[in-house]
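We number each residue from 1, following the sequence as shown. Atoms within a ligand are numbered from 1 in the order they appear, just like the ligands themselves. Just the heavy atoms: all of them, side chains too, but no hydrogens, waters or symmetry mates, feed the values below.
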Amino acid sequence: DTVDQQADFDAVVSAEGRIEPRDWMPDAYRATLVRQIAQHAHSEIIGMQPEANWITRAPSLRRKAILMAKVQDEAGHGLYLYGAAETLDVDRGELLDKLHAGRQRYSSIFNYPTLTWADVGAIGWLVDGAAITNQVPLCRCSYGPYARAMVRICKEESFHQRQGYELLHALSHGTPAQHAMAQDAVDRWWWPSLMMFGPPDDESSHSEQSMAWRIKRHSNDELRQRFVDICVPQAESLGLALPDPDLRWNEERGTHDFGEIDWSEFQQVLRGNGPCNEQRLDQRRTAHENGAWVREAAAAHAAKHSARTSD
Ligand code: 3HC
């Protein structure tokens, strides 16, 4: 009965075991996973837009090929994650409808514009870097399908981060105008990248329960701090400054102190008032409508195929 099922569930989670799709799980655990995995998948798909903006404008064939591969990877990450969400008895069409209706979220970071080519480097270095810092612990998430999807995604994410870093390094060590363009991009993407990790721990409504269920393995502030500590030496070798006058090494804490994040900006973006929220959802809805014929054709083909094989 449910008491035993809850006890079994708790035992598996506390023993760092895996909950699989056919296992009993509390409804709230299922709902939290659907919310987070759907949001994660939506982030990957919406995240294709800011970068795709530069595919036709890349400065060389090499950069264009790399960027195309990365944007294609993000689409694949979205598909893995919609697949992981579907193991929880939800349908990806339903999740996309919720995204299009503004009833499910995607990562705040993709509501900012990509104004210059250097933004492609800043996104790779900072946004994919933050995504890696957030996603590596998710490989140890208690829900099997999500944790396994993360293993493959993290491998591809490190290529994304590396290409962004290398792109910025080339610009930063190029002409003064190229260096200035790289610095401008870092200035614009640094603080929104810190916001990706979510609100401060004392304002995080889901963290406590999510950590008890071993979905979230480290708190928002812990991962944010880890990300800052990773970026400081990388910025030094890039020859670029991080736009935070309060950023300094704290010997006592063994980490960097850093300045106040503007959480009102974060809340505005979450409310849909970021620089690109409307544009991103409009483009997403249009892409979905334009793709309807492909979905219908694939479904018709599948129906014909299964009719043939069942004859
Ligand atoms: N963007 C949008 N919404 C956010 C957010 C963000 N960066 N951070 C938090 N929120 C929302 C939460 O969804 C929650 O909303 P709700 O109250 O409506 O449910 C609210 O703010 C409170 O935040 P919590 O910290 O309590 O929420 P979580 O426990 O879910 O933690 C999280 C937030 C750390 C982002 C967690 O959801 C998570 O780890 N998600 C998976 C990682 C993810 O989504 N990454 C996307 C990054 S982009 C990417 O991967 C593409 C890359 O390849 C370029």
Side-chain angles (χ1 to χ4, degrees), residues 28 31-52 67 70-78 80-81 84-85 98-99 102-112 114 119-120 122-141 143 146-147 149-150 152-161 163-164 189 191-224 226-227 261 263 265-272 274 277 280:
T32 292
L33 285 167
V34 169
R35 173 182 65 80
Q36 176 160 334
I37 299 172
Q39 180 166 323
H40 202 155
H42 297 331
S43 302
E44 301 285 359
I45 299 300
I46 297 274
M48 294 165 72
Q49 290 186 31
E51 298 182 306
L67 183 54
K70 177 180 190 303
V71 172
Q72 207 173 332
D73 279 353
E74 310 294 9
H77 295 176
Y80 300 151
L81 287 162
K98 286 187 177 161
L99 170 68
R103 289 175 36 225
Q104 275 186 341
R105 298 185 186 288
Y106 58 93
S107 186
S108 50
I109 191 68
F110 295 122
N111 291 304
Y112 292 84
T114 44
D119 287 40
V120 173
I123 288 176
W125 177 46
L126 294 172
V127 174
D128 289 83
I132 291 170
T133 305
N134 164 280
Q135 288 168 171
V136 166
L138 283 171
C139 296
R140 290 183 294 111
C141 160
Y143 187 57
Y146 192 29
M150 280 301 113
R152 169 92 182 260
I153 286 178
C154 285
K155 286 196 174 69
E156 293 174 343
E157 216 62 282
S158 41
F159 145 66
H160 299 173
Q161 196 266 0
Q163 65 81 35
W189 287 91
W191 293 103
S193 298
L194 297 190
M195 296 176 201
M196 275 174 76
F197 292 94
D201 291 350
D202 55 8
E203 290 165 38
S204 166
S205 44
H206 301 297
S207 283
E208 190 183 343
Q209 180 61 73
S210 187
M211 291 177 85
W213 280 328
R214 285 192 164 75
I215 295 172
K216 184 178 279 188
R217 305 310 310 258
H218 299 278
S219 80
N220 298 357
D221 287 332
E222 256 179 274
L223 290 182
R224 195 179 350 261
R226 185 179 294 184
F227 177 64
I261 293 174
W263 291 111
E265 176 180 327
F266 176 72
Q267 290 307 335
Q268 278 305 324
V269 173
L270 258 62
R271 266 189 227 113
N277 293 58
R280 297 284 185 245

| query | Which one holds for F197 and ligand 1: side chain close, backbone close, both close, or neither close, with close meaning a heavy atom under 4.0 Å? | reply | backbone

| Taking atom CE of M196 and atom CH2 of W189, what is their separation to the nearest 0.5 Å? | 9.5 Å

| query | At the 4.0 Å heavy-atom cut-off, does H160 count as touching ligand 1? | reply | no

| query | Looking at D73 and K70, does any basic side-chain N land under 4.0 Å from a carboxylate oxygen? | reply | no

| What atoms in ligand 1 come closer than 4.0 Å to a heavy atom of G198? | 8 (N), 9 (C)

| message | Going by the rule side-chain contact (heavy atoms from CB on, under 4.5 Å), which residues pair with I45 if we only count those two or more places apart in sequence or in a different chain? | response | M48, Y82, R284

| Taking atom types as modelled and ignoring hydrogens, do the side chains of H160 and E157 form a donor-acceptor contact shorter than 3.5 angstrom? | yes

| field | Nearest candidate to atom 50 (O) of ligand 1, where distance is taken over non-hydrogen atoms, out of E208, Q135, E203 | value | Q135

| field | Nitrogen or oxygen of N220 less than 3.5 angstrom from that of ligand 1 | value | yes

| field | Distance from atom 30 (O) of ligand 1 to nearest protein heavy atom, with residue and atom | value | R35 NH1, 2.9 Å

| Are any non-hydrogen side-chain atoms of I215 and Q36 less than 4.5 angstrom apart? | yes

| message | Need the ligand 1 atom indices (1-based, order shown) with element for anything under 4.0 Å from a heavy-atom of S204. | response | 24 (P), 25 (O), 26 (O)

| Got the closest protein heavy atom to atom 48 (S) of ligand 1, with its distance? | F110 CE1, 3.6 Å

| Has the side chain of R140 got a donor or acceptor atom that lies under 3.5 Å from a matching backbone atom of R214? | no

| query | Out of E74, E156, Q163, Q135, which residue meets the side chain to side chain contact (heavy atoms under 4.5 Å, CB included) rule with D128? | reply | E74

| note | In this structure, atom 4 (C) of ligand 1 is nearest to the protein heavy atom Q39 NE2, 3.7 Å

| Can you check whether K70 has an N/O within less than 3.5 Å of an N/O in ligand 1? | no

| message | So which atom in S193 and which in A130 form the shortest heavy-atom distance, rounded to 0.1 Å? | response | O-CB, 4.2 Å

| Which heavy atom of the protein is the closest neighbour of atom 29 (O) of ligand 1, given with residue, atom name and distance? | K216 NZ, 2.9 Å

| field | Main-chain N/O of F110 paired to R280 side chain as donor or acceptor, under 3.5 Å | value | yes

| remark: Between N220 and D201 the two heavy atoms that sit nearest each other are N-OD1, 3.2 Å

| Atoms in ligand 1 with a heavy atom of L270 nearer than 4.0 Å | 2 (C), 3 (N), 11 (C), 21 (O)

| said: Using a 4.0 Å cut-off to any heavy atom of E74, which atoms of ligand 1 qualify? | reply: 53 (O), 54 (C)

| Which bit of M195 is near ligand 1, meaning a heavy atom under 4.0 Å away: side chain, backbone, both or neither? | backbone

| field | Proximal atoms of ligand 1 relative to Y106 (non-hydrogen, under 4.0 Å) | value | 1 (N), 2 (C)

| Between S107 (side chain) and S43 (backbone), is there a donor-acceptor pair under 3.5 Å? | no

| request: Measure the distance from atom 54 (C) of ligand 1 to every protein heavy atom, then report the residue, atom name and distance (to 0.1 Å) of the closest one. | output: D128 OD2, 3.4 Å

| task | Please write down residue, atom name and distance for the protein heavy atom closest to atom 49 (C) of ligand 1. | result | E44 OE2, 3.9 Å

| Which atoms from ligand 1 have a heavy atom of E157 less than 4.0 Å away? | 52 (C), 53 (O)

| Protein heavy atoms: any of them under 4.0 Å from atom 32 (C) of ligand 1? | no

| query | What residue and heavy atom of the protein are closest to atom 47 (C) of ligand 1, and at what distance? | reply | M196 CE, 3.7 Å

| said: With a cutoff of 4.0 Å, is G47 in contact with ligand 1, counting heavy atoms of the residue only? | reply: no

| request: Indicate, as side chain, backbone, both or neither, the part of S210 found under 4.0 angstrom from ligand 1 when only non-hydrogen atoms are considered. | output: neither

| request: Please state which part of V269 comes within less than 4.0 Å of ligand 1, counting heavy atoms only: side chain, backbone, both or neither. | output: neither

| said: Does atom CD (E203) have a neighbourhood of more than 12 heavy atoms from anything else shown, all under 6.0 Å? | reply: yes

| Residue pair S219 / M211: nearest heavy atoms and the distance that separates them | N-CE, 3.6 Å

| For ligand 1, is any non-hydrogen atom under 4.0 Å from H206's backbone (N, CA, C, O), its side chain (CB onward), both, or neither? | both

| task | Using a 4.5 Å cut-off on heavy atoms from C-beta on, say whether the side chain of T32 contacts that of Q209. | result | no

| Short N/O distance, under 3.5 Å, between Y146 and ligand 1? | no

| task | Among all protein heavy atoms, pick out the one at the shortest distance from atom 22 (C) of ligand 1; state its residue, atom name and that distance to 0.1 Å. | result | S205 OG, 3.7 Å

| query | Per the side-chain hydrogen bond (donor to acceptor under 3.5 Å, both in side chains) rule, which among H42, Q39, K98 passes with Q104? | reply | H42

| query | Looking only at heavy atoms, what is the nearest atom pair of A41 and L81, with distance? | reply | CB-CB, 3.6 Å

| request: May I ask you to decide if the ring planes of F227 and F197 are parallel, tilted or perpendicular, using 30° and 60° as cut-offs? | output: tilted

| message | Please check whether H77 reaches ligand 1 - meaning an N/O of the residue sits under 3.5 Å from an N/O of the ligand, judged on distance alone. | response | no

| At under 4.0 Å between heavy atoms, which part of Q36 makes contact with ligand 1: side chain, backbone, both or neither? | side chain

| said: Checking contacts here: is it the side chain or the backbone of N134 that comes within 4.0 Å of ligand 1, counting heavy atoms only? Could be both or neither. | reply: side chain

| Between the candidates S108, A130, P199, which shows the shortest non-hydrogen contact distance to atom 6 (C) of ligand 1? | S108

